[in-house]
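Working notes, beginning with the structure itself.
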Amino acid sequence: MSTPGILQKNLDQTSLSAETAASFLEQVAKKVPGFDDAILNILTYSKREIIVEIPIRLDDGSVSVFRGYRVQHNNSRGGPFKGGLRFHPEVNLAEVRALAILMTWKAALVKIPFGGAKGGICCDPKKLSKTELERLTRAYTEHLGDNIGPYNDIPAPDVNTNAQIMAWMFDEYAKSHNNCSPAVVTGKPIEIGGSEGREEATGRGVVIVTKDLLKDLKLDISESKFIIQGFGNVGANAARILHYEYGAKIIGVSNVEGAVFNKNGLNIPELLSYQSKHKTLKGFPNSEWLTNDELLVQDCDVLIPAALAGSINERVAKETNAKVIVEAANAPVTIQADAILNERKIHVIPGILANPGGVIVSYFEWVQNLQQLYWERHEVITRLDKLLTEAYKRTYRISVENNCSLRESALRIALTDVIKSIQVRGF
Ligand code: GLU
């Protein structure tokens, strides 16, 4: 089904997310007007790839060197590059490239004026103290120099990074550039120019497009049973919004340790406070304890993978009876699993449509920073809903007209926009 991914051709390493990010490009691109080999070449390679070796002093006085990356894929549509920064022991160039490519499509699909980028530092943040994390973040920012900036490239939180990390980046950039524009990073704390609604934005976006698709499928969201894999920022916010705003029944939730499950529905307010008090889901009353593998194949209507790449594999694709799978994480569905799900007529909302809530509100944060004019929370949420619902409608319509998956349709729309921009600008 899939053609060899563009990243498999030219990468030093491949990873699941790399394959997944790239696998559809060539076959979908062939259907887009104006596509040719020159365009394929442009989109195959990143515009800029930066690798930095970052020595920092640890609290015990020793020195450790960490490898950091920033990949800027394509900004033909104009505007600065944009994308998150992740801290994880498995961060590598192949993965960061693949995620930067996804950001290019994401921004094009939801029509925000950014090119795709991604950054990462290969480290285990759980093993670093707060002061070590601060030194690492500041040193990474310094190493990137002028490659980031309010009109160049704007990092934001991603896996294992948060508002505090963004605050240190802003501070370091401001000092070294004699420039106090908070627009250099998004996802900042509110006190220093963060936007209302940014923290919950990815989870809220996941819920918005899920609600839209369920409506088109004539399924009642409040009657639907949800399983959410991953209970970090995205998964926990999606659960909270599904529960409080839509009265949905969430029957299973997991984190890296395992899963809590109750086929009659979990008490989400209690689960959220249990997690914040005990820092674990294990031992939550009125629930069964399952492994992640077991959770993913329990009976449900909507399965939301909100953890790392590759969790929805062939086994899950064959065994799940979910009607809808929503890619809240980046690239959780493997290429092989995607083919099985298509055959089984299980709807998959692709990550580039399901999870741009974060980057959309990052765009609003950037606009507010540049204008020095701040919006109220309801305005942020209303605008987010509008942009995502419009993207959803375009995607759904093209998928019906062309009898193709939402993944193909979303990529077709994004590619059409990027290709037109490349052509009209010339190269
Ligand atoms: N890390 C998020 C993503 O992958 C947000 C990126 C941003 O806000 O720039 O979409």
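This one's a predicted model, so the numbers in the text were calculated from it and none came from an experiment. Note that ligands are numbered from 1 as they come in the structure, with each ligand's atoms numbered from 1 the same way.
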| remark: When every non-hydrogen atom of G205 is compared with those of L388, the smallest separation belongs to CA-CD1, 3.3 Å
| said: For N369 and K188, which I'm curious about, is there any donor-acceptor pair between the side chains at under 3.5 Å? | reply: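 Short answer, yes.
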| Is it the case that N355 and N330 place a side-chain donor and acceptor less than 3.5 Å from each other? |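 Yes - a donor-acceptor pair under 3.5 Å links their side chains.
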| said: Tell me whether H278 contacts the main-chain N or O of T280 through its side chain, where contact means a donor paired with an acceptor under 3.5 Å. | reply: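 No.
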| task | Salt-bridge test for K175 and E172: reply yes if a basic N is under 4.0 Å from a carboxylate O, no otherwise. | result | yes
| query | Should the pair D59-R135 be classified as a salt bridge under the 4.0 Å nitrogen-to-oxygen rule? | reply | yes
| Can you pull the residues with any heavy atom under 4.0 Å from ligand 1? |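 Within the 4.0 Å shell of ligand 1, which is judged on heavy atoms, sit K82, G83, G84, M103, K106, K118, A156, P157, D158, R198, N330, G358, V359, S362.
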